[in-house]
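Before any comments, here is the structure.
Values in this document were obtained by computation on a predicted structure and should not be read as measured data.
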Amino acid sequence: MEEMKMNVRPTGNRGTWSKKAPAVAELGKKPPQALDLEEAVLGALMLEKDALTTVIDILRPNSFYKEAHQRIFKAILALFDKSEPIDILTVTHELRENGELELAGGAYYVTQLTTRVNSAANIEYHARIITENSIKRDLISISSEVLSSAFEDTTDVFELLDRTEAKLYEVSESNIRKNFDDMRSLMHAAIKELEEKRKQTDGLTGVPSGMTALDRVTSGWQKSDLIILAARPAMGKTAFVLSCLRNAAVDFKKGVAIFSLEMSSLQLVNRLISSEAELDSEKIKKGSLEDYEWAQLNHKIAKLTEAPIFIDDTPGLSIRELRTKCRRLKAQYDIQMVIIDYLQLMSGNAEGKGGGNREQEIASISRAMKMLAKELNVPVIALSQLSRAVETRGGDKRPQLSDLRESGSIEQDADMVLFLYRPEYYGITEDEMGNPTAGVGEVIIAKHRNGSLENVQLKFIGKYTKFTNLDSDFGGDGGFNALPNSSFDTETPGAIRLGSRMNDGSKGGGGFPASGFDEEPPF
């Protein structure tokens with residue numbers, strides 16, 4: 001009887017069976033954490049002066065679960081920034097100066113941390129476990145918010161999707177960072193790349209534009225480059241990038257994505273049909289095609305239909321949405337080039353609205369585009385408007401770098417800056433050499449981080465809304481042609497080497513805007 005009384009507890013409101021206590025505890029969950037490792041890492045940082053350099057790229061203050069540990073790590077980082085020694089005394093002094101010593105557990109607690117570990121030998125491994133637990137907590141927080149919002153009837157599901165994706169990307173970016181590369185691995189990669197380039201007998205190392213003279217100068221659009229194509233309205237910016245897009249996708253089978261903030265997807269497709277089938281763009285727009293033209297259209301667009309071209313016409317696209325969509329396209333379809341038409345119609349991220357001015361917003365967009373090009377390792381071509389200073393200037397009205405609209409950072413971030421210029425638009429009928437300018441467009445390479453500055457002449461066919469090689473290059477067929485299988489020579493047909501002529505004073509004839517075509521579509 002004595003034993004039975006000892007094993008039984010009251011079953012009323014004040015108590016329960018002792019066997020049920022563990023089951024109740026098991027129902028609860030704790031956030032992922034590793035407090036013992038947090039203590040060990042902080043102790044190691046105060047024991048060895050070089051320990052912080054090992055984990056400074058791995059840990060952030062928010063990586064620690066315990067708030068006291070976050071404050072201690074912030075104090076350690078502050079000492080590191082001031083190039084002061086890091087030990088028990090200096091950390092305690094820093095916390096006391098900031099009024100956070102008691103919030104961090106007091107001087108005794110900070111001192112006790114150094115007893116948790118003997119050395120910093122395993123600090124990197126411990127730090128990575130702490131970071132993994134921090135990522136898990138972030139994911140739990142995001143999931144809880146998604147779960148709560150998803151049950152609300154007033155929730156915009158697409159806004160929720162965008163917000164969730166942005167937060168997941170933020171977690172990834174803030175915790176997973178690229179480490180440095182040693183010279184041996186870099187040299188091996190460089191030699192391997194050179195061997196691949198050696199196999200390219202036509203000299204193309206990037207995504208071809210299909211414009212022979214231009215590709216001889218650039219060797220194709222290079223990976224991770226941000227290319228800015230700028231011009232005044234009606235110069236043919238969209239026509240030029242669509243010609244490049246068509247050549248890369250159809251002739252060279254390169255996946256290309258174009259984000260059109262100005263024109264709809266169908267308008268872009270109609271332009272592609274007009275240039276591919278060589279049918280008047282006005283007839284395409286009105287649908288007034290003869291029977292033989294329908295047959296011509298159906299015959300010529302077969303290759304275009306199968307081309308790896310992806311068009312997004314979302315209006316007011318933000319840089320975050322652009323980055324997200326490009327990442328998906330890269331993962332699913334391995335796109336090799338991105339085109340944005342055009343930069344000034346984009347908006348910054350949602351949290352940036354209302355703060356700063358438009359110039360700062362454009363600067364952040366251009367920086368983000370350069371980061372996107374590096375992240376995906378593809379060329380990014382962004383169209384840009386030029387200021388009205390071009391129109392007010394006398395002479396031949398050639399654009400120059402100072403004409404880039406709204407932000408000087410566009411020029412700074414870009415690897416290449418190209419200007420599109422058609423003299424006949426300004427009523428100039430002959431160039432400096434006395435050659436007729438009708439149907440001639442110039443691509444002016446004003447900045448080229450990895451090459452020379454040159455002017456490249458192309459043929460512009462207004463009624464088909466396309467650019468192609470000059471007749472002198474390919475016997476006058478005016479069509480899209482792949483590059484011949486021969487290495488680039490030093491004399492480039494259609495390329496004019498002008499060096500730094502871009503910012504010299506303008507000279508030549510002026511005139512009012514005019515067109516050499518009876519019916520010129522808007523560009």
Hey, mind stepping through Phe310 and Ile335 against side chain to side chain contact (heavy atoms under 4.5 Å, CB included) and telling me if it holds? CA-CA 9 Å; Phe310 307 92; Ile335 56 171; 3.9 Å; yes
To the nearest 0.5 Å, tell me how far [X] [atom1] sits from [Y] [atom2].
| X | Y | atom1 | atom2 | result |
| --- | --- | --- | --- | --- |
| Lys237 | Arg232 | NZ | CZ | 8.5 Å |
| Ile258 | Ile381 | CD1 | CD1 | 9.5 Å |
| Asn247 | Lys254 | CG | NZ | 13.5 Å |
| Ser260 | Asp313 | OG | CG | 6.5 Å |
| Leu47 | Ile123 | CG | CD1 | 9.5 Å |
| Phe80 | Ile76 | CZ | CD1 | 12.0 Å |

Would you indicate whether [X], at its atom [atom1], is surrounded by more than 12 heavy atoms from other residues, nucleotides or ligands within a distance under 6.0 Å?
| X | atom1 | value |
| --- | --- | --- |
| Glu306 | CD | no |
| Glu84 | CD | yes |
| His93 | NE2 | no |
| Asn118 | CG | no |
| Lys374 | NZ | no |

Exercise: identify the closest heavy-atom pair between [X] and [Y]:
| X | Y | result |
| --- | --- | --- |
| Leu226 | Ser366 | CD2-O, 3.7 Å |
| Tyr65 | Gln70 | O-NE2, 4.1 Å |
| Pro379 | Val207 | CG-CG2, 4.0 Å |
| Ala446 | Leu401 | CB-CD2, 3.8 Å |
| Ala107 | Thr92 | CB-CG2, 4.0 Å |
| Leu103 | Ala68 | O-CB, 3.8 Å |

[Y] and [X], any side-chain heavy atoms less than 4.5 Å apart:
| X | Y | answer |
| --- | --- | --- |
| Glu132 | Ile130 | no |
| Lys74 | Arg60 | no |
| Pro308 | Tyr333 | no |
| Asn455 | Ile445 | no |
| Leu77 | Pro61 | yes |
| Leu317 | Lys325 | yes |
| Leu59 | Phe64 | yes |
| Ser134 | Asp138 | yes |

Quick check: does any side chain N or O of [X] sit under 3.5 Å from a backbone N or O of [Y], one acting as donor and the other as acceptor?
| X | Y | result |
| --- | --- | --- |
| Ser384 | Leu343 | no |
| Glu48 | Ala120 | yes |
| Arg137 | Ser63 | yes |
| Asn133 | Ile129 | yes |
| Thr218 | Trp221 | no |
| Asp87 | Thr90 | yes |
| Asn98 | Glu100 | no |
| Ser148 | Glu145 | no |

Apply side chain to side chain contact (heavy atoms under 4.5 Å, CB included) to Ile227 and Val380, showing your working. CA-CA 6 Å; Ile227 300 111; Val380 173; over 6 Å; no
Where do Ser209 and Asp215 land on the side-chain hydrogen bond (donor to acceptor under 3.5 Å, both in side chains) test, with the steps shown first? CA-CA 6 Å; Ser209 71; Asp215 283 337; 2.9 Å; yes
Whether [Y] and [X] form a salt bridge (side-chain N of Lys/Arg under 4.0 Å from carboxylate O of Asp/Glu) is what I want to check.
| X | Y | value |
| --- | --- | --- |
| Glu165 | Arg328 | yes |
| Arg246 | Asp251 | yes |
| Lys330 | Glu375 | no |

Carefully, step by step, assess Val41 and Glu39 under the rule side chain to side chain contact (heavy atoms under 4.5 Å, CB included). CA-CA 6 Å; Val41 166; Glu39 294 173 351; over 6 Å; no
Please name the residue in the list Leu322, Leu383, Asp312, Ile340 that meets the side chain to side chain contact (heavy atoms under 4.5 Å, CB included) test with Leu261. Ile340
Given side chain to side chain contact (heavy atoms under 4.5 Å, CB included), test Arg116 with Asp36 step by step and report yes or no. CA-CA 8 Å; Arg116 306 294 186 187; Asp36 53 342; over 6 Å; no
Take Thr154 and Glu152, measure what side-chain hydrogen bond (donor to acceptor under 3.5 Å, both in side chains) needs, and give me the verdict at the end. CA-CA 5 Å; Thr154 57; Glu152 295 291 334; 4.6 Å; no
Side-chain donor-acceptor pair under 3.5 Å between Asn377 and Ser224, yes or no? no
Test side-chain hydrogen bond (donor to acceptor under 3.5 Å, both in side chains) on Gln336 and Asp334; report intermediate values, then the result. CA-CA 6 Å; Gln336 300 297 308; Asp334 192 27; 3.3 Å; yes
Give me the one residue out of Gln222, Lys447, Lys370 that meets side-chain hydrogen bond (donor to acceptor under 3.5 Å, both in side chains) with Asp415. Lys370
